[in-house]
Amino acid sequence: MCGRFVAVSSPQLLAEHFAVDEIRVEGHAASWNVAPRADVLVVVADPRTEGTPRVLEPMRWGLVPGWAKDLGIGDRLINARAETVAQKPAYERSFRGRRCIVPADGFYEWRTEREPGVGGRTRAVKQPVFIHDRGGEPLALAGLWATWRDPEDPDAPWIHSCAIVTTRANALLASLHDRMPVVLPDAAWDVWLDPATDDLARLQGLLVPAPETQLELWDVSTRVNKADHDGPDLVDRLPARTLFGT
DNA sequence: CCAGACGTTGTT
DNA sequence: GTCTGG
DNA sequence: CCAGACGTTGTT
DNA sequence: GTCTGG
């Protein structure tokens, strides 16, 4: 479900919003159509640096665990279920020690509609819906991250990758789908990011549906459906459709 | 997530 | 149907 | 013990 | 690495 989102806010704005100490990225492009395997900006508390500063850095979307033989597994590890994240071998280590926030200016869900097609048949239409903060603030999506290095190549660089955590949908989204990404409230950021937090039950308690009042949604163009389309127009509100409209 | 492909050989 | 690419 | 997977979603 | 299935 949660396989496409919007990342438009500049590193500077994100650094301010998330109280980031250090920006470790330059020249990162905004995207209104972030798909799996893209590089996304992530907020993480770096335990290897004195004082575990909050850092903004790019990571590949699709988690590649340290034991993976190649990058391919990341294609399937884009969403971690909150209910089972502590148990799953692919996520367990990251959940215990490598949690992050994936900033998003919104995300997409799809409504499958039936339209009259040729010869009296019906045709499935994937209608994208843009979901975002009512006040236009970036959302703090709960994320997990991992480091991986090609075991075949001793000179290979370390690759940082991430996944987002999903939970059951709130009432606003329930008619679209039964899952949604976890959106962390400000008060939860510290505990979630701190690598030293070892109260797993407390962490899991943070992984609940966002309040309906925080979010707003509207239909957008099906141009979103092609992952290589991009631009501000992808989040424009679609005119309400009439019974006989197109 | 959706859209689009879904294959192998030998040759440059 | 299932996998890959974006 | 070894081998093999390691994930989620939606849709009919 | 770690878990599950056989």
Side-chain angles (χ1 to χ4, degrees), chain A residues 1-7 28-40 58-98 102 104-115 117 121-132 139 141-151 158-159 161-169 173-182 200 207 209 217 219-231 234-235 238:
Chain A
M1 163 183 317
C2 311
R4 215 74 78 75
F5 66 94
V6 178
H28 196 269
S31 174
W32 288 264
N33 206 351
V34 178
R37 282 185 279 174
D39 272 334
V40 299
M59 294 192 189
R60 176 191 174 101
W61 185 17
L63 189 138
V64 184
W67 42 258
K69 288 188 281 295
D70 56 62
L71 283 172
I73 193 170
D75 290 4
R76 306 190 297 288
L77 303 181
I78 60 169
N79 292 158
R81 290 179 65 90
E83 296 87 339
T84 56
V85 73
Q87 276 70 248
K88 297 290 183 183
Y91 296 129
E92 188 261 345
R93 179 183 290 268
S94 293
F95 178 62
R96 277 196 284 101
R98 287 177 168 163
V102 181
D105 297 282
F107 57 92
Y108 299 106
E109 302 285 6
W110 277 262
R111 197 169 52 241
T112 302
E113 298 177 343
R114 289 276 159 191
E115 277 200 352
R121 304 293 306 164
T122 63
R123 186 167 71 91
V125 177
K126 302 282 193 172
Q127 174 59 57
V129 180
F130 175 53
I131 300 125
H132 55 105
L139 299 172
L141 303 188
L144 306 172
W145 65 285
T147 61
W148 177 84
R149 229 182 141 203
D150 186 347
W158 285 97
I159 294 184
S161 60
C162 63
I164 60 178
V165 182
T166 66
T167 184
R168 64 188 188 280
L173 301 192
S175 65
L176 288 176
H177 293 306
D178 60 352
R179 309 289 299 173
M180 69 181 291
V182 172
L200 300 189
L207 304 177
L217 56 77
D219 287 6
V220 294
S221 165
T222 51
R223 285 193 296 276
V224 171
N225 296 6
K226 275 192 177 290
D228 46 12
H229 288 181
D230 205 346
L234 294 187
V235 297
L238 216 61

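Heavy-atom basis, side chains included; hydrogens, waters and symmetry copies ignored.
Side-chain atoms of A/R81 and base atoms of D/dG7 include no donor and acceptor less than 3.5 Å apart. Scanning atom types as modelled, one donor and one acceptor separated by under 3.5 angstrom connect the side chain of A/R37 and the base of C/dG6.
Here A/F107 lies out of heavy-atom contact (under 4.0 Å) with every strand. Residue contacts shown for A/R96 are absent, as no nucleic acid heavy atom lies under 4.0 Å away.
At the phosphate of B/dC2, neither OP1 nor OP2 sits under 4.0 Å from any side-chain N or O atom of A/T222. Taking side-chain N and O atoms only, A/H177 has a distance below 4.0 Å to OP1 or OP2 of D/dG10. Between A/R179 and D/dT9 there is a side-chain N or O to OP1 or OP2 distance below 4.0 Å. Remark: A/N225 is in phosphate contact with B/dA3, judged by side-chain N or O atoms under 4.0 Å from OP1 or OP2. Contact between the side-chain N/O atoms of A/T166 and the OP1/OP2 oxygens of D/dT9 is found at a separation under 4.0 Å.
For D/dT8 and B/dC2, the C1' atoms lie 15 Å apart once the distance is rounded to whole Å. For the P atom pair drawn from B/dC1 and D/dG10, the interatomic distance equals 6 Å after rounding to whole Å. Here, C/dT2 and D/dT12 have their P atoms 15 Å apart, quoted to the whole Å. Between the P atoms of D/dT9 and E/dC3, the separation comes to 23 Å (whole Å).
Counting only heavy atoms from C-beta on, A/P36 has its side chain closest to C/dG6 among B/dC2, C/dG6, E/dG1. When the nucleotides D/dG10, D/dC6, B/dG4 are ranked by their closest atom to the side chain of A/A90, D/dC6 comes out on top. In this structure, the nucleotide among D/dT8, C/dG6, B/dA3 sitting nearest to the side chain of A/K226 is B/dA3. For A/R93, the side-chain atoms get nearest to E/dG1 when compared with the rest of C/dG6, E/dG1, D/dT8. Comparing D/dT12, C/dG6, E/dT2 by their closest approach to the side chain of A/R114 singles out D/dT12.
Between the side-chain ring of A/W110 and the base of B/dC2, no stacking contact exists by the 5.5 Å and 30° definition.
In this structure, A/N79 and A/W61 approach most closely via the heavy-atom pair ND2-CZ2, 4.4 Å. A/L77 and A/A90 make their closest contact through CD1-CB, 3.9 Å (heavy atoms, listed as atom of the first residue, atom of the second, distance). A/H177 and A/A169 make their closest contact through O-CB, 3.2 Å (heavy atoms, listed as atom of the first residue, atom of the second, distance).
Whole-Å rounding puts the A/R98 CZ to E/dG1 C1' distance at 13 Å.
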